[in-house]
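Quick one: the structure is below, and I'll ask about it shortly.
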2 protein chains.
Amino acid sequence: MPKPGPRLRLADVAERAGVSLATASRVLSGRGGVSEELAGRVRQVSHELGYVANPYARTLAGGTSPTVGLIVHQVDDPYFSEIAGGVIEVAAEKGLLVQISHSGRDPDYELRQLRHLIAQRVGIILIAGSGYDDPRVEAEARTELSAFQSLGGRVAVIGRHTLGVDAVLPDNEAGGRAVTAHLLELGHRRIAVAAGTPGLTTVTDRLAGVSSALRQHGLSLDDLPVVHSDFTRDGGRVTAEQILGDHPETTAIIALNDAMAIGVLSVLRAHRIPVPERMSVVGFDDVSVAADLAPSLTTIRLPMTDMGRMALTLALRPPSTRPRRRSTGHTLVVRDSSGPAPRLSASRP
Amino acid sequence: MPKPGPRLRLADVAERAGVSLATASRVLSGRGGVSEELAGRVRQVSHELGYVANPYARTLAGGTSPTVGLIVHQVDDPYFSEIAGGVIEVAAEKGLLVQISHSGRDPDYELRQLRHLIAQRVGIILIAGSGYDDPRVEAEARTELSAFQSLGGRVAVIGRHTLGVDAVLPDNEAGGRAVTAHLLELGHRRIAVAAGTPGLTTVTDRLAGVSSALRQHGLSLDDLPVVHSDFTRDGGRVTAEQILGDHPETTAIIALNDAMAIGVLSVLRAHRIPVPERMSVVGFDDVSVAADLAPSLTTIRLPMTDMGRMALTLALRPPSTRPRRRSTGHTLVVRDSSGPAPRLSASRP
DNA sequence: ATAGGGTATGGAAACGTTTTCCTGAGCGCT
DNA sequence: AGCGCTCAGGAAAACGTTTCCATACCCTAT
């Protein structure tokens, strides 16, 4: 059973294997150019002794750090924690460490986090979560990132297409279209939208999808209530109350993420409005609890864990000159929270 | 706007401030012993240039690393992601970085993670999640940790009392007692337990509370069905199916955490068993979605975010010879998933 | 045989800090 | 005035790697 021992240095391994420090380093950092015999001996000894390189020394000397800095909007939101799960899985496979920081959806704070990460010399930066509609913020982030890249740093983003770097992108617009089409096919016309944090591109994109589906059916988003709040359960509650108050004729609510949908459902329950008989509700993301809600939530499934995995994998690829994009599939998952529009308002042509 | 610049070294700051490297270091690392005049100048220059110390060099030279390694059982379980949220908050306040790794509730893998973290020379280790009933695992973990501590590392654990280090502990037994007493007062006697991953002390402790409450009412846990599975939603489903199949007379199910309770509820819904009219369900933890389930979940509230905060705060205190313990409060939160026992079985004395 | 080109290996510099050890100045005390 | 003491500040060692450079060797082509 190898014990980490107080201070086990590469020099110890080298000595015990009867080779020089340089050779031992070459073997263990996989640089090659060492005879199979010596290499084998070094690996053997290293393993016996349970040697693990000191990452601080390694980074200081070599330049690239084995840590990935992951910025998410909110750690304890399932959408992000599932993404984080995917990132952590891949990191574990590759022997990387994951540092998580969160931005609370505040663009300036996020920028500070980013600068901090860069100053800390992490090797890889991953940013999960929507971009902001604010050009200043995006421009500054872009500047920081390209400086970071030119120093050899690797970058990928998830769900953000505004930074000019490798990105894993769900097709938010197509998803918005799909979920809206679903409601329209069920006969709903009085549709309201519970829209998330204003100023996020995710909101804009998903709304664009909703709008596009509506147009195909000869309707316009401008005629429907779109209520903005936070991308959280509380945000969902607020919007639902407002929709119920101002637009009692509504028969379906599109929540632009699942967290909001959960809030919407809780308000409907409090008002004893039967779902889906009197009101349909759809979400977006398919966080894992969505299937276990009552009623279970109709939503657009995004493969969050895979997205996390893809992002890190992408960042690990040899850098290319042009930013790469990987788009993820999405699936409309029809469950119990959506049903045919009630007669009253639906039967009108 | 200070830019991190390609390679800004402490030496640059020192030179520009007209002091030696040593002095600049003393100022910026807050070691003192520098005249106010020089110190001011150094700080001034450092700030102007936007200097940020290279943490790798700092750690290599100084010994203590500004990162906290957080091991959780499962990142994308809300119980743990809320704890992580608390840890990250405090870390951000103190300028520390948080590295998250997860163990998947596998004791051996967890041990590997722990060794890895130590080898990586993190400064602070936090372990969240139950201990294991396996003495070998606990003993090995204890050995690693005390070696780590004797090298100056800081440690705290959350919800684990078996490691002989500073700990933040919810009173699992009292919680189990409270939730059971609640059901007993509602007249339930045919109670079943959906118990989590076997071999976890959390399971043992919560069960002990259940048992104790039962005894006070002249009942014994031995006469009731206790079905073990995973501490997950799927685990909850499995146990619920089994309970329904083998013990149809059951009127209340105690799930030993909320994830399982969610699974139990979904099975009951599938079987069209009305909750709480025909069956009461209670959980444990009060994850944030618990209030939004249908029916909303009666459960024991644990302040997860605070627990994360407390743990890091505790670890940051000057080390003491005897391990410190902070116990957290717990509250029975009565919601809609629990109600009076149905007449049929409850009226029997 | 001998020059020339790899190739495997070792020695030593470098990475950017903190910390130890010194030096010299200022001070109070006898 | 001389003695130790404290204290600010500088020079240099140390931290544990990677990498550059030099060296010795072997092989092949002249």
Side-chain angles (χ1 to χ4, degrees), chain A residues 4-43 46 49-67 95 118-123 151-152, chain B residues 4-43 45-46 49-67 95 118-123 151-153:
Chain A
R7 290 284 127 98
L8 184 61
R9 281 137 49 250
L10 180 56
D12 301 328
V13 175
E15 189 188 351
R16 187 119 155 200
V19 302
S20 78
L21 189 55
T23 304
S25 168
R26 277 190 277 258
V27 173
L28 295 176
S29 62
R31 182 149 303 276
V34 177
S35 71
E36 212 22 77
E37 189 205 337
L38 287 198
R41 217 156 70 211
V42 169
R43 268 190 283 267
S46 154
L49 264 43
Y51 169 75
V52 179
N54 179 326
Y56 299 96
R58 176 171 270 183
T59 304
L60 185 58
T64 64
S65 135
T67 54
I118 294 174
Q120 296 284 351
R121 273 83 168 175
V122 300
L151 259 53
Chain B
R7 291 285 129 101
L8 183 61
R9 279 136 53 250
L10 179 57
D12 302 328
V13 175
E15 188 187 354
R16 188 122 153 198
V19 301
S20 79
L21 188 56
T23 304
S25 168
R26 279 191 273 257
V27 173
L28 265 30
S29 62
R31 181 148 304 276
V34 177
S35 70
E36 213 21 77
E37 190 206 336
L38 286 197
R41 217 155 72 209
V42 170
R43 266 190 284 265
V45 170
S46 153
L49 264 43
Y51 169 76
V52 180
N54 179 327
Y56 298 96
R58 176 171 269 185
T59 303
L60 185 57
T64 65
S65 138
T67 56
I118 294 175
Q120 298 284 351
R121 274 80 168 176
V122 300
L151 259 52

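Sequence lines set the chain letters: A, B, ... in the order given, protein chains first and strands last, and positions in each chain run from 1. Please read all numbers here as calculations on a predicted model, not as lab measurements.
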note = On a heavy-atom basis, the closest approach of A:Ala39 and A:Val34 is N-CG1, 3.9 Å
message = Please confirm whether the shortest side-chain N or O distance from B:Arg31 to OP1 or OP2 of C:dT19 is below 4.0 Å.
response = yes
For atom CG of A:Leu28 and atom C1' of D:dT19, their distance in whole Å = 15 Å
message = Would you compute the distance between atom CG of B:Leu28 and atom OG1 of B:Thr23 and round it to the nearest 0.5 angstrom?
response = 11.5 Å
inquiry  = Show the nearest heavy-atom pair for residues A:Arg121 and A:Ser65, with the distance to one decimal.
reply    = O-CB, 3.2 Å
key: Contact under 4.0 Å: A:Tyr51 side-chain N or O vs D:dT17 OP1/OP2   = yes
Would you tabulate the nitrogen or oxygen pairs shorter than 3.5 Å linking the protein to nucleotides 24-26 of chain D?
none

inquiry  = Below the 4.0 Å mark, does D:dG9 have OP1 or OP2 next to a side-chain nitrogen or oxygen of B:Ser35?
reply    = yes
inquiry  = Using whole Å, what does the distance between atom P of nucleotide C:dC15 and atom CG of A:Leu60 come to?
reply    = 9 Å
note = note: B:Arg58, atom CZ; C:dT19, atom C1'; distance rounded to Å ~ 13 Å
key: Exercise: identify the closest heavy-atom pair between A:Leu10 and A:Ala24   = CD1-CB, 3.8 Å
task = Could you tell me the separation between the CG atom of A:Asn54 and the C1' atom of D:dA14, rounded to a whole number of Å?
result = 13 Å
Minimum heavy-atom distance A:Pro66-A:Pro55, with the two atoms named = CG-CB, 4.2 Å
request  = Please report, rounded to the nearest Å, how far the C1' atom of D:dG9 is from the CD atom of B:Glu36.
outcome  = 15 Å
request  = Would you please confirm or rule out a distance under 4.0 Å between OP1 or OP2 of D:dT17 and any side-chain N or O of A:Ser25?
outcome  = no
ask   = Is the shortest side-chain N/O distance from B:Ser29 to OP1 or OP2 of C:dT17 below 4.0 Å?
value = no
remark   = Per the under-4.0 Å heavy-atom filter, residues of residues 14-23 of chain A near DNA chain C come out as A:Val19, A:Ser20, A:Ala22, A:Thr23
task = Compare all side-chain heavy atoms of A:Leu38 with those of A:Val27 and state whether any distance is below 4.5 angstrom.
result = no
ask   = Quick one: the side chain of B:Arg26 and the base of D:dG10, do they pair up donor-acceptor inside 3.5 Å?
value = yes
remark   = d(B:Thr59 OG1, B:Asn54 CG) to nearest 0.5 Å is 8.5 Å
ask   = What is the distance from CG of A:Asp12 to C1' of D:dT17, rounded to the nearest Å?
value = 13 Å
ask   = Donor-acceptor pair, B:Ser46 side chain versus B:Val42 backbone, under 3.5 Å?
value = no
inquiry  = Can you tell me which nucleotide in C:dC15, C:dT9, D:dG9 comes closest to the side chain of B:Leu38?
reply    = D:dG9
Spacing of B:Leu10 atom CG relative to C:dT17 atom P, expressed in whole Å = 5 Å
query = Which heavy atom of A:Leu60 sits nearest a heavy atom of B:Tyr56, and at what distance?
reply = N-CB, 4.4 Å
